[in-house]
2 protein chains.
Amino acid sequence: MEDHLTTYSEQLNCKGIRPSYQRVRILAYLHQAQVHPTVEDIFTALSPEIPTLSKATVYNTLHTFVEAGLVRDVNIDIDAQHYDIILEDHGHFKCSSCGKIYNFHLDLDQLTIDGLKEFKIHKKDVYFSGLCPDCQSKTNST
Amino acid sequence: MEDHLTTYSEQLNCKGIRPSYQRVRILAYLHQAQVHPTVEDIFTALSPEIPTLSKATVYNTLHTFVEAGLVRDVNIDIDAQHYDIILEDHGHFKCSSCGKIYNFHLDLDQLTIDGLKEFKIHKKDVYFSGLCPDCQSKTNST
DNA sequence: GTTCCTGCAAAAGCTTTGCAGAAGA
DNA sequence: TCTTCTGCAAAGCTTTTGCAGGAAC
């Protein structure tokens with residue numbers, strides 16, 4: 001565990017980000033959780049172990065990470081911003097029933113749009129929504 | 001003009017929505033503007049002509065329209081929800097410099113994802129961002 | 001006349017900001 | 001030591017909610 005934290009610390013150094021305890025722990029959480037946590041999720045998860053942790057710090061840290069390209073922001077949910085540690089090309093599916101966000105494989109390079117030749121594209125987001133398999137079976141059985 | 005309003009009124013009736021003056025005017029604005037207005041935009045545009053208009057009514061109306069399938073909500077902007085009267089398949093590009101939102105042609109049916117066979121997909125959103133041609137030339141000339 | 005809608009104000013929720021104290025280099 | 005970060009509280013924004021009066025049918 002401590003080894004991992006050291007690795008995260010180095011990862012932050014490489015990006016020119018001061019590896020404070022809070023930042024290392026937040027980065028570690030993002031890697032472990034492998035979900036798409038919100039600021040609230042991260043705060044709730046780490047708060048018991050880091051009692052002095054402030055929500056403002058979580059906001060600051062995530063902004064820093066996004067700017068450094070360490071994480072990706074996921075705007076699929078209008079209620080709150082989600083964050084994703086997986087940087088490879090993929091799309092996001094949000095179940096409108098349970099709210100869970102799934103990844104799906106998607107080659108974004110295949111998404112070349114003729115009408116955007118004059119545009120400089122920095123970010124491509126593909127968001128689907130509907131019902132996940134779990135929620136479909138729940139609905140059918142009622 | 002009055003003719004158009006009558007048409008919008010009928011359009012609302014078809015969907016089982018009571019064609020109140022406010023609703024008709026908001027629907028008319030969405031058709032005319034052909035941009036991707038926010039609640040604020042709509043309120044600011046109509047407020048001078050409808051002095052008693054309330055922002056809550058604009059919110060209510062847009063929710064009703066989205067539910068009825070008359071407009072599409074565009075979540076590309078984290079600051080505020082945008083609304084789109086164009087229902088045909090297309091993607092959205094947001095310029096991170098000027099904030100303008102552009103439509104681009106995109107056949108969403110071509111976006112079939114193997115990994116989502118078990119999922120029931122209701123909505124597909126494709127959001128790109130970067131620099132629009134106008135903002136690129138501004139940046140280059142400096 | 002009954003139902004549904006509007007408008008106002010207040011409240012709720014996410015996010016940002018300002019500043020003093022603390023931690024990192 | 002000097003810079004940068006953290007934590008707290010307050011403020012800012014968008015959006016939602018409750019309720020009385022008004023419009024639509």
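Per chain, numbering begins at 1; letters A, B, ... match sequence-line order.
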Using a cut-off of 4.0 Å on non-hydrogen atoms, how would the nucleic acid contact of Ile78(A) be classed: base, sugar-phosphate, or nothing? nothing
Ignoring hydrogens and geometry, is there a side-chain-to-backbone donor-acceptor pair from Asn13(B) to Glu10(B) under 3.5 Å? no
4.5 Å side-chain heavy-atom contact, Arg72(B) and Val66(B): no
Judged by atom type as modelled, is there a donor-acceptor pair below 3.5 Å linking the side chain of Lys120(A) to the main-chain atoms of Gln136(B)? no
Can the ring centres of Phe104(A) and Phe128(A) be said to be less than 6.0 Å apart? yes
Please give, in whole Å, the distance from dT6(C) C1' to Ile50(B) CD1? 12 Å
Distance-minimising heavy-atom pair for Asp109(A) and Asp89(A): N-OD2, 4.0 Å
Does dG7(D) have OP1 or OP2 sitting under 4.0 Å from an N or O in the side chain of Thr52(A)? yes
Rounded interatomic separation in angstrom, taking NZ from Lys55(A) and P from dG18(C): 21 Å
Thr44(A) side chain vs Glu40(A) backbone, donor-acceptor pair below 3.5 Å: yes
Determine all donor-acceptor pairs shorter than 3.5 Å in which one atom belongs to a side chain in residues 73-82 of chain A; sequence neighbours excluded.
from: Asp73(A); atom 1: OD1; to: Lys123(A); atom 2: NZ; distance (Å): 3.3
from: Asp77(A); atom 1: OD1; to: Asp79(A); atom 2: N; distance (Å): 3.1
from: Asp77(A); atom 1: OD1; to: Lys94(A); atom 2: NZ; distance (Å): 3.4
from: Asp77(A); atom 1: OD2; to: His82(A); atom 2: NE2; distance (Å): 3.1
from: His82(A); atom 1: ND1; to: His36(A); atom 2: O; distance (Å): 2.6

Check the distance between dA25(C)'s P and Glu10(A)'s CD and give it to me in whole angstrom. 13 Å
Co-membership, hydrophobic cluster, residues Leu62(B) and Phe43(B), 4.5 Å side-chain: yes
Aromatic ring centroids of Phe119(A) and Tyr102(B) under 6.0 Å? yes
Quick check on contacts: within residues 12-24 of chain A, what sits under 4.0 Å from DNA chain D by heavy-atom distance? Arg18(A), Ser20(A), Gln22(A), Arg23(A)
Ordered by number, residues from residues 59-76 of chain A within less than 4.0 Å of DNA chain D (heavy atoms) are none
Upstream residue (5' side of DNA chain D) when Ala56(B) and Asp79(B) are each assigned their closest nucleotide: Asp79(B)
Separation of atom CD in Gln81(B) from atom C1' in dG13(C), rounded to whole Å: 16 Å
Length of the line joining Phe43(B):CZ and dT14(D):C1', which is rounded to integer Å: 14 Å
For the side chain of Leu53(A), counting heavy atoms from C-beta on, which of dT6(C), dC8(C), dG7(D) is nearest? dG7(D)
Just the rounded figure in Å: distance from P of dT15(C) to CG of Asp77(A). 10 Å
